[in-house]
There are 2 protein chains.
Amino acid sequence: MCSERAPDDLTARARIRDAAIRLFADRGIAGASVRDIAQAAGVSSGLLRHHFGSKEALRDYCDVYAKDRTDQFREEVFAGGKMTDPGFLVSHSPEMRLLQRYLVQSIKDGSPAASAMFDKMVDLGEEWTIKTGVATRDPRAYGAAICAMQLGLFLFADQLSRVLDVDLGSTEGYVRLNHALIDVAATTMLSPEQAGYLHEAMDRVLDTSPKE
Amino acid sequence: MCSERAPDDLTARARIRDAAIRLFADRGIAGASVRDIAQAAGVSSGLLRHHFGSKEALRDYCDVYAKDRTDQFREEVFAGGKMTDPGFLVSHSPEMRLLQRYLVQSIKDGSPAASAMFDKMVDLGEEWTIKTGVATRDPRAYGAAICAMQLGLFLFADQLSRVLDVDLGSTEGYVRLNHALIDVAATTMLSPEQAGYLHEAMDRVLDTSPKE
DNA sequence: TCGTTCGCTACACACATGTATAGCGTACTA
DNA sequence: TAGTACGCTATACATGTGTGTAGCGAACGA
């Protein structure tokens, strides 16, 4: 799709994997059947089983493929000397955007491999929070929250496309949303006074509702 | 659950609705079968059909119920004179938290009623963005983004619970996450210079990749 | 050249799901 | 008191799903 790829990677096995990633990303893991995937890859469903054994095993394979491919792409970008926020850069490639959508679905449904990736994301988010000195008493929860929010965004792509009246899969929609996200990251939605008030309110919640 | 409720609302019909909302919230719309819902409500699946006609109709009923109930709760809170951010307050009630989780699932899967609720959320977000003078050129995208991120958070509750090692369904976990969210809303993740640089980078993306 | 592996298809099995229908008992009413 | 509407169950049907198996043809090595 993007960088060089082994020629024999256009085999049926690779086509199945690509079709699976696309359908999983579009419909969620449970929403894509093995027959749909096989048909999208232009093969029989038996061949899918022949190559991967089961739907779950196919998903595992897609997990490691998506992770490896993403890491590889990230390294290429870094090696290319483009030293801006990697989190933003990675998603500029259509292939990376697809893999990202897939990984979000996979993380949401919670496979071991995907959960491990989420853990790593949160670890990085926590490190970043501490390193940059964000004003929070709970860097881990802070990092986890921004990770989950970032990922959650992808799950509402359809709704966002409708509300913004632009296809978020297109470059135009993608750029428009990212401009907004930059603004979200660069602005503040609560004043320190408001934040303090809300923190106190939350503590009161903890005190007044010990039951449940 | 929370405020007063008509006594005859404990009928099988109501139990089905409550069970549906709970299972839909936990497993997603497609992930909860009518048989599971019926069993959770302690009735036969035939009765579910007798009362609601179809799974889709049941979902529609849950949509309007959740919406009405949320609006009602919000009004009660406002009438009670507690004038803090309603967005936060609403979710302090366990029932409201459940309904919120249900609505997130329903919006994600995109029923007409749920889509209308998302539209309204985005409208409010846009208004708020303009009214408070947030520094963005695209208030609608800004409002839509924060709505989607807020909702998306709920879809990763399991992952967040694992990573933070606390049950997000408990008051303790809920409070901890909300403290972090307040910090996210009160802090800035990008300096104006960084934001400006990224905005320029995004514009360059728009220029350099007209194909696709 | 023969045998074996391998990519691949067709088909079948068991099960879950949404939907549909027949029928039973009770409560209310004319 | 007879009839009827209603709440409710049991069961069946059609379909889609993941999985399993039998078998075919080509390629490749002994």
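Chain letters run A, B, ... following the sequence lines, proteins first, then strands; residues in each count from 1.
One atom, CG of B/Leu58, and another, C1' of C/dG18, lie 12 Å apart when rounded to the nearest Å. Atoms CD (A/Gln39) and P (C/dC8) sit 17 Å apart, rounded to a whole Å. Computed from coordinates, the B/Leu23 CG to C/dA16 P distance equals 17 Å when rounded to whole Å.
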N/O to N/O distances under 3.5 Å, protein versus nucleotides 3-5 of chain D:
none

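In this structure, the ring pair (Phe, Tyr, Trp, His ring centres under 6.0 Å) partners of A/His179, at least two apart in sequence or on a different chain, are B/His199. Among residues two or more places apart in sequence or in another chain, the salt bridge (charged side-chain N to carboxylate O under 4.0 Å, His left out) test is passed with A/Asp123 by A/Arg140. A/Asp158 meets the salt bridge (charged side-chain N to carboxylate O under 4.0 Å, His left out) test with no other residue; sequence neighbours excluded.
Here the side chains of A/Gln72 and A/Asp68 are not in contact, with every heavy-atom distance at 4.5 Å or above. Residues B/Leu151 and A/Gln159 have side chains not in contact (no heavy-atom distance under 4.5 Å, counting atoms from C-beta outward).
Within the structure, salt bridge (charged side-chain N to carboxylate O under 4.0 Å, His left out) contacts touching residues 102-119 of chain B (residues at least two apart or in different chains) are A/Arg162-B/Asp119.
Judged by a 6.0 Å distance limit and a 45° cone about the ring axis, B/Arg59 is not positioned over the six-membered ring of B/Phe52.
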- Task: Please test A/Val184 against B/Met189 for side chain to side chain contact (heavy atoms under 4.5 Å, CB included), starting from the C-alpha separation and ending with a verdict.
- Result: CA-CA 9 Å; A/Val184 169; B/Met189 296 170 55; over 6 Å; no

- Note on the structure: A correct 5'-to-3' footprint of nucleotides 9-23 of chain D, with B, S and - meaning base, sugar-phosphate only and no protein heavy atom under 4.0 Å, is BB-B----BBBBB--

